[in-house]
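Written out below as structure tokens is the structure these notes cover.
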There are 2 protein chains.
Amino acid sequence: MTPVARPFSHAIDRLRAVWLRPTRQRLALAKLLFDGCDRHISAEQLHGAALAANIRVSLATVYNTLHQFTEAGLLREIVVDAGRSYFDTNVSLHHHYFYEKSGQLVDLSGDMIHMEGIPLHSPDGRRVSRVDVIVRVDG
Amino acid sequence: MTPVARPFSHAIDRLRAVWLRPTRQRLALAKLLFDGCDRHISAEQLHGAALAANIRVSLATVYNTLHQFTEAGLLREIVVDAGRSYFDTNVSLHHHYFYEKSGQLVDLSGDMIHMEGIPLHSPDGRRVSRVDVIVRVDG
DNA sequence: CGCTAGTCTGTAATCGTTCTTATTTAAGAG
DNA sequence: CTCTTAAATAAGAACGATTACAGACTAGCG
Ligand SMILES: [Mn+2]
Ligand SMILES: [Mn+2]
Ligand SMILES: [Zn+2]
Ligand SMILES: [Zn+2]
């Protein structure tokens, strides 16, 4: 049995594992992001959440951190609309509903859609890094 | 047998069919867009192509026209990256390779990928308007 | 400690897109 | 053809998410 979570050291370990210094800002953002439930969050939203939790952090650092986490594989960036991008704390293989009107992004369980014929390489032999499926809903 | 194309009246007919007045600008842009080969083009690129062809048209009109054509079903808008969107002259069912580095978008033949389990409605019953599949290539 | 590379902040710059308003034009009526 | 009117266009300002920058701060280490 896994013991009760020790969120602080969890976050530290997570950062150490990907060679990012566990600074005050990165720890605080990691705790907000990886608190248990998966989420799709924009930089502005995370910045707002941080301020609401009395964590002083600049928007620039939120952007830097989100990109560093993404590069390290702790997050996945999802682009749904020109000029809006979300960061997904669920990095397992899954796809999304996107509600055009509200801008909401919702998970589609990973095994709901089966795809065949997805190439592993591009026509000129380059490796496919990711396949994004977005199911767009008008309302 | 269809006679040899008369591109000018072609463009006029195409616009009339979707209730858009065949103005000088819309006709010129339609001719650039629908000249035979399918393409994925940005607003800036189309504007550049127009200027290169000695067609005086403002960037604002290019944006308006692209959106009107999209709404009319003559184009399909594809978002690949925050802050960049492409317009596809191929509105038939197909998917795309996206080359992250060069920003190039390439068609994947429509019958190459088979998908099963794509929902027709969202969890709360709204109609799915479109499913976008983007195969991302690093190089 | 005290050094140094790495990080953070606040703000300015960027850039694709959208908005605004005056001007021009398509198209139908007479 | 001329007149009228609604629709469309041009030009540039405004917008908003993101990125760049330069100076201040700090984690990690000897
Ligand atoms: Mn990004
Ligand atoms: Mn658009
Ligand atoms: Zn997700
Ligand atoms: Zn295409």
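Hydrogens, waters and symmetry mates are skipped; everything else that's a heavy atom, side chains included, is used. Lettering of chains follows the sequences in order, A, B, ..., and the numbering in each one begins at 1.
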Checklist outcome for this item: Closest heavy-atom pair, A:Ala50 versus A:Val57, reported as atoms and distance to 0.1 Å, is CB-CG1, 3.7 Å
Checklist entry - Does B:Arg21 make a side-chain N or O approach to OP1 or OP2 of C:dT25 shorter than 4.0 Å? => result no
Checklist entry - Taking CD from B:Glu77 and C1' from C:dT17, how many angstroms apart are they, rounded to a whole number? => result 11 Å
Next on the checklist: From CG of B:Leu15 over to C1' of D:dA8, roughly how many Å is that when rounded to an integer?
Outcome noted: 13 Å
Checklist entry - With sugar-phosphate meaning primed atoms plus P, OP1 and OP2, does A:Thr61 contact a base, only sugar-phosphate, or nothing at under 4.0 Å between heavy atoms? => result base
Checklist entry - Side chain of B:Thr23: nearest nucleotide among D:dT9, D:dA6, D:dT18? => result D:dT9
Checklist entry - Between A:His40 and A:Phe98, does the ring centroid distance fall short of 6.0 Å? => result no
Next on the checklist: Tell me the bend of the helix from C:dC1-D:dG30 to C:dG30-D:dC1 as the angle between end helix axes, each from five pairs, rounded to the nearest 10 degrees.
Outcome noted: 20°
Checklist entry - What is the distance, rounded to the nearest whole Å, between atom CZ of B:Arg24 and atom P of D:dA10? => result 7 Å
Checklist entry - Taking only side-chain nitrogens and oxygens of A:Ser85, does any of them come within less than 4.0 Å of OP1 or OP2 of D:dT18? => result yes
Item to check | Atom pair distance, as rounded to whole Å: CG in B:Leu51 and C1' in D:dA11 | outcome: 14 Å
Item to check | Minimum heavy-atom distance between A:Asp38 and A:Thr89, given as atom pair plus value | outcome: CA-OG1, 3.2 Å
Next on the checklist: What is the distance, to the nearest angstrom, from the NE2 atom on A:His47 to the P atom on D:dT18?
Outcome noted: 13 Å
Checklist entry - OP1 or OP2 of C:dT17 sitting under 4.0 Å from any side-chain N/O of B:His67? => result no
Checklist entry - A:Tyr99 vs A:Tyr97 aromatic rings, parallel, tilted or perpendicular, using cut-offs 30° and 60°? => result tilted
Checklist outcome for this item: By nearest-heavy-atom nucleotide on DNA chain C, the more 5' of B:Gln25 and B:Tyr63 is B:Tyr63
Next on the checklist: Both conditions, 6.0 Å and 45 degrees, for the charged tip of A:Arg14 above the ring of A:Phe34: are they met here?
Outcome noted: yes
Checklist entry - Heavy atoms, side chains only, cut-off 4.5 Å: are B:His94 and B:Ser109 in contact? => result no
Checklist entry - Roughly how many Å is it from CD1 in B:Ile12 to P in C:dA26, rounded to a whole number? => result 11 Å
Item to check | Non-hydrogen atoms of A:Arg84 and A:Gly103 that approach each other most closely | outcome: NH1-CA, 3.5 Å
Checklist entry - Considering only C:dA27, C:dA5, C:dT17, which nucleotide approaches the side chain of B:Leu59 most closely? => result C:dT17
Item to check | A:Asp81 CG - D:dT18 C1' separation (whole Å) | outcome: 15 Å
Checklist entry - Do any side-chain nitrogens or oxygens of A:Arg16 fall under 4.0 Å of OP1 or OP2 in D:dG28? => result yes
Checklist entry - Where each residue is assigned the nucleotide of DNA chain D containing its nearest heavy atom, which of B:Val57 and A:Asn64 is assigned the position nearer the 5′ end? => result B:Val57
Checklist entry - Quick one: B:Gln45 CD to C:dT17 P, roughly how many Å, whole number? => result 10 Å
Checklist outcome for this item: Assert: residue with more 5' nearest nucleotide on DNA chain D, out of B:Ala60 and B:Leu20, is B:Leu20
Checklist entry - If you measure only the distance, is there a donor-acceptor pair under 3.5 Å linking the side chains of B:Gln25 and B:Arg56? => result no
Checklist entry - Given that B:Ala43 and A:Trp19 both sit by DNA chain C, which one's nearest nucleotide is further toward the 5' end? => result A:Trp19
